[in-house]
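These notes concern the structure reproduced below.
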Amino acid sequence: MSFTIFGLSDEIIRAVTECGYTDPTPIQLQAIPAVLAGGDLLAGAQTGTGKTAGFTLPILHRLSNRSIKGPSSGRPPIRALILVPTRELAAQVEESIRDYGKYLKLSSMVMIGGVSINPQITRLKSRVDILVATPGRLLDHVQQKTLDLSHIEILVLDEADRMLDMGFIRDIKKILVLLPKQRQNLLFSATFSDGIRALAESLLNHPAMIEVARRNATADNVTHVVHPVDRERKRDLLAHLIKQHHWSQVLVFTRTKHGANKLAEHLVTNGIPSLAIHGNKSQSARTRALAEFKTGSLQVLVATDIAARGIDISELPHVVNFELPNVPEDYVHRIGRTGRAGAEGDAVSLVCVDELKLLTDIERLIKRDLFNKVIAGFEPDPRIRAEPIVNGSGGGQRRTLPGLPGRSQRRSQPSAKPRAPRIPSGPSSGRAPVLQRSGGRGR
Ligand code: AMP
């Protein structure tokens, strides 16, 4: 089924064809007609499903076909606002708008923090039809009175769940009161927490509702594998896997900024070109690392969860969880970087004894057990005891993992029903099975 079914303008179809898209993805099949119809939309879609084109294409069509409601003379007003959680995602979305709108007269702008505000103020003096912004910087502009949002016709909250996770709800509310009451609202979210439901209820007016991926599902075309390994041997195992399998483009997730730096350094000393991106890096360093990674000149990009949000590299073949995320939903977000738009991908998790509870939580969320494979030469030592995990905030804050035996401060109820030990597959180490979970709950 081709893109011509939607009645999008020839200019848009031409640009989409040049992007190499032949068929709309499932989210596009549902979202494009809904947005073209002009009503509000609540869409459950993960990153990697083609959701950006799902809202961008009909927005471009609507804006290019409708006369401007703003002032009759002077610079036309900003008509669409797309709010996103991270700088990378903002850049990504705006790039898509430019790609899909290259044969239209519409103009877009990205507004993000971490870079000087002055060029943005200058840019705002010329025509901007579509603004893609992160909430913090947008409010800086509002405070400096350099931004007029009074003619917004379409509002998009993209990755709304992530915006709430990142504490943007107050900023979003401040922004909403600056917009005209009469407008089209589109809310995209990978997951539907109570917070998202409350936001949707207050924001949306009789929305069309679409959901393409099962809640918290991961793409079917991704192979998941867990390599049990001791905490101190993870770095060597990762270098070993990269070298042995000749992985050429690997996105690696760590829990902390410091951990990301240390790991990238270790890989570099092992002859594997690597860079870390995280919130403490300047925006230009992040952009440069991402660009090098995308072109393939950088073999490994080590990222924290927040920094990686919005990374869109088509057909990224390997995602490695060097450490499991503290929040199980982040596993789904991380894995969303591979197996995108139908391509095959593989998701490798290096799991030590400290992380068994986190693994259980992830498996419960995605409703499947992850395949275990011990790598010969990296068999975990069963005598090693679990230690508390250093929190992802990067500080010295420590917490005890619930569910692990022998710890003094338990945070959650241990289960009455112990989980059966797992027998790892793969090369036999001749040792006792690793990854035994005490306190795991049955599913
Ligand atoms: P998104 O979910 O918007 O982040 O998109 C994920 C990836 O899918 C991006 O690399 C898009 O360029 C790509 N994409 C979007 N729509 C299509 C399509 N209809 N056919 C093929 N690739 C697509």
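Every value quoted in this text rests on a predicted model; they were computed, and no experiment measured them. Order of appearance sets the numbers: ligands from 1, and atoms from 1 within every ligand.
Take Gln30 and apply the side chain to side chain donor-acceptor pair (under 3.5 Å) test, not counting sequence neighbours, and it matches no residue. In this structure, Phe322 has no ring-ring contact (aromatic ring centres under 6.0 Å, His included) partners at least two apart in sequence or on a different chain.
With Ser107 contributing its side chain and Arg127 its backbone, the two residues share a donor-acceptor pair below 3.5 Å. Although no hydrogens or angles enter the test, the distance criterion places no donor-acceptor pair under 3.5 Å between the side chain of Asp161 and the main chain of Ser189.
Of the heavy atoms in Gln92, none comes closer than 4.0 Å to ligand 1.
Ligand-side atoms of ligand 1 in range of Phe3: 19 (N), range being under 4.0 angstrom from any heavy atom. Those atoms of ligand 1 with a heavy atom of Thr49 less than 4.0 angstrom away are 2 (O). Those atoms of ligand 1 with a heavy atom of Thr52 less than 4.0 angstrom away are 1 (P), 3 (O), 4 (O). Residue Thr25 has at least one heavy-atom neighbour below 4.0 Å for each of these atoms of ligand 1: 17 (C), 18 (C), 19 (N). Residue Asp23 has at least one heavy-atom neighbour below 4.0 Å for each of these atoms of ligand 1: 18 (C), 19 (N), 20 (N).
At a 3.5 angstrom cut-off on N or O pairs, Thr22 does not count as close to ligand 1. Residue Gly50 has at least one N or O atom closer than 3.5 Å to an N or O atom of ligand 1.
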Between Leu358 and Asn326, does a side-chain contact (heavy atoms from CB on, under 4.5 Å) hold up when you go through it step by step? CA-CA 7 Å; Leu358 299 181; Asn326 289 333; 4.2 Å; yes
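Heavy atoms from other residues, nucleotides or ligands lying under 6.0 Å from CD of Glu201 number 12 at most.
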